[in-house]
Structures are given as structure tokens and as C-alpha cells.
Amino acid sequence: MEFVTYEVEGQVGIITINRPKALNALNSAVLDDLNAALDGVDLEAVRALILTGSGEKSFVAGADIGEMSALTKAEGEAFGKKGNDIFRRIETFPIPVIAAVNGFALGGGCELSMSCDIRICSDNAVFGQPEVGLGITPGFGGTQRLARIISVGMAKQMIYTARNIKADEALRIDLVNAVYTQEELMPAAKKMAAGIAANAPIAVRNCKKAINEGLQVDMDQAIVIEEKLFGDCFETHDQKEGMGAFLEKRKEKNFINK
Ligand code: CAA
């Protein structure tokens with residue numbers, strides 16, 4: 001992969017968008033590499049992912065404006081679908097994905113962070129949906145996810161005005177969970193990922209599924225989704241291990257993802 005690196009540290013996978021000359025902007029090749037990186041995740045061994053950008057300035061500065069500039073209507077729609085398919089894959093990826101936003105997260109970059117389960121950022125992070133200033137709508141899920149993550153009114157304000165916001169405002173409106181210095185960001189992301197990885201993996205996956213799928217339906221259907229996923233846990237080794245450790249007053253737990 002030319003534009004994305006993938007490393008594994010313990011039980012945590014780290015995907016880094018690596019096109020620093022263009023502030024990690026997403027062209028078709030970067031999107032293909034991101035998809036290939038997801039293909040490479042060993043779901044038996046890896047229990048959480050971190051997604052970040054290379055360099056100290058940018059997470060992802062958006063979809064590639066040069067590549068988009070000459071698209072036809074049909075090509076524009078196809079490019080939107082390409083990004084949306086990959087971002088939806090991240091959103092529904094079986095294990096949790098933490099976005100460690102280390103700078104600009106504009107347009108497709110803000111949208112990429114929103115396809116992750118959890119967003120934390122550095123104090124130099126800048127979020128925004130500048131698309132209407134370029135004559136387009138957000139195209140990789142921004143019109144849908146922003147209004148589901150923050151308030152509808154604030155999402156509309158950000159999208160209609162195309163005004164960027166800094167890390168402290170992103171924290172205030174709940175777009176990110178926490179802000180760190182640049183030096184602290186990756187250690188904090190790794191600590192959070194390791195904390196997730198220490199828990200029973202099937203239970204964690206079932207929680208992701210229950211939250212994501214439950215939010216798409218009414219409460220009566222949502223609690224049925226939860227009941228099924230809750231019940232499924234009782235067939236696992238790790239439920240027996242987790243409850244056994246509690247009952248035996250044992251701190252060490254041997255979760256084996258089964
Ligand atoms: N597409 C293509 N190239 C980009 C880019 C993008 N989205 N963002 C930055 N770059 C390139 C610049 O063209 C520049 O390349 P050159 O050195 O070859 O000229 C390089 O990255 C460095 O950028 P700047 O010189 O502009 O750096 P800066 O510090 O002065 O400004 C910035 C940083 C404010 C992020 C500015 O680069 C910028 O405004 N970028 C565009 C942000 C944007 O509008 N993103 C949304 C794109 S639309 C979209 O994403 C649609 C969608 O929803 C799918």
C-alpha cells in the first residue's frame with residue numbers, strides 16, 4: 001500500500017493515512033489502500049483499531065479536490081459511493097475503531113472520523129465540512145452522520161456556513177470525547193484501545209452491533225436486538241471466564257475470543 005500503513009501492537013491495529021504532501025487528502029488510490037488495510041486486519045488477533053493521519057498537521061484534509069474537480073455527475077455519484085462504502089465498512093467493522101485526529105479533519109476527513117466509533121483529538125485539530133464553499137455537498141456521509149452525532153441544529157450550522165471549528169469547540173459540542181496535546185494523543189489512543197482489548201472481545205463486538213443496529217430502529221425492535229446479542233454471549237467461553245473470575249475473586253482473566 002502506497003498511501004496507508006498498517007501496524008499491529010499487541011492486540012491493537014493502527015491504520016495511518018500516509019499522504020503528507022497533500023495533508024493526507026483522500027484520492028481514489030488512498031481510498032483503495034484504506035480498504036486494503038481493512039482487508040488485512042486479522043480479526044482473530046486484533047481487538048481494536050486506531051485510525052490516524054501521518055505528520056503533525058493533518059488527520060485528513062478532505063477528499064482530493066484536484067481529483068474531484070473534473071468529475072461528471074455520474075462520476076461524482078460513483079466517487080461518493082466509493083467513499084461511503086468504505087466508511088460504512090469502518091462504521092460496521094466488527095471491532096471498535098478509535099479516530100485519533102491529529103490535525104485537520106475537514107470534509108472527507110471529518111466524515112472519516114465520524115465513521116469511527118470514538119473520536120479523540122490533539123489540541124491543534126480543526127474540524128469542518130467546507131464543501132458548500134466548493135460548490136458541493138458533503139459526500140462521504142457528512143450530511144447524515146454529523147446530524148446524528150452532534151445536535152441537528154449545530155450540524156446544519158457547520159454544514160451551511162462551512163465554518164471550521166477548533167478542538168475545544170469540537171469537545172464542547174460532543175464531536176470528540178477528549179482533547180490531548182499532540183504528544184499525548186497516540187499514547188491516549190493506545191491506552192484506550194488496550195482497555196477495550198482487555199475485555200471479552202465477543203461481548204465488545206456485540207455491544208458495537210447492538211448500539212449501531214439499535215439506533216436504526218424503534219425501541220421495541222432495539223431491545224430485541226439487545227436481547228439476542230446478550231443471549232449469544234452465554235454460549236461463549238469468555239462469559240464463563242468473566243463471571244468465573246468474579247465469583248472466584250480472581251483479577252486475571254483469560255479471554256480467548258471464543
Ligand atoms: N485535496 C487536495 N489537495 C489538498 C487538499 C485536498 N482536500 N487539502 C490540502 N491539499 C494539498 C494542497 O493543495 C497543498 O498541495 P501543494 O503543496 O501541492 O500546493 C498541500 O496539500 C498543503 O496544503 P496547503 O498549502 O493548502 O496548507 P495550508 O496549511 O496552507 O492549509 C488547509 C491547510 C486549510 C487544510 C488547506 O489545505 C485546505 O483548505 N484544504 C482543503 C480542505 C477542504 O476543503 N476539504 C474538503 C474537501 S471536499 C470533500 O471532502 C468532499 C467530501 O465530503 C467527500
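In each ligand, atom 1 is the first atom listed, and ligand 1 is the first ligand listed. Worth knowing before you read on, the calculation uses all heavy atoms, side chains too, and leaves out hydrogens, waters and symmetry mates.
The two residues R119 and L175 make their nearest non-hydrogen contact at NE-O, 2.7 Å.
Residues forming a side-chain contact (heavy atoms from CB on, under 4.5 Å) with N199 (at least two apart in sequence, or on another chain): V204. Take F59 and apply the ring pair (Phe, Tyr, Trp, His ring centres under 6.0 Å) test, not counting sequence neighbours, and it matches no residue. For K258, there are no salt bridge (charged side-chain N to carboxylate O under 4.0 Å, His left out) partners, not counting sequence neighbours.
Side-chain atoms of V217 and V224, non-hydrogen and from C-beta on, never get closer than 4.5 Å to each other. Proximity of F87 to L31: side-chain heavy atoms (C-beta onward) are separated by under 4.5 Å at one or more points.
Contacts of ligand 1 (protein heavy-atom distance under 4.0 Å) are K21, A22, L23, A25, K57, A61, G62, A63, D64, I65, M68, F104, L106, G107, G108, E111, P130, E131, L134, I136, P138, G139, F140.
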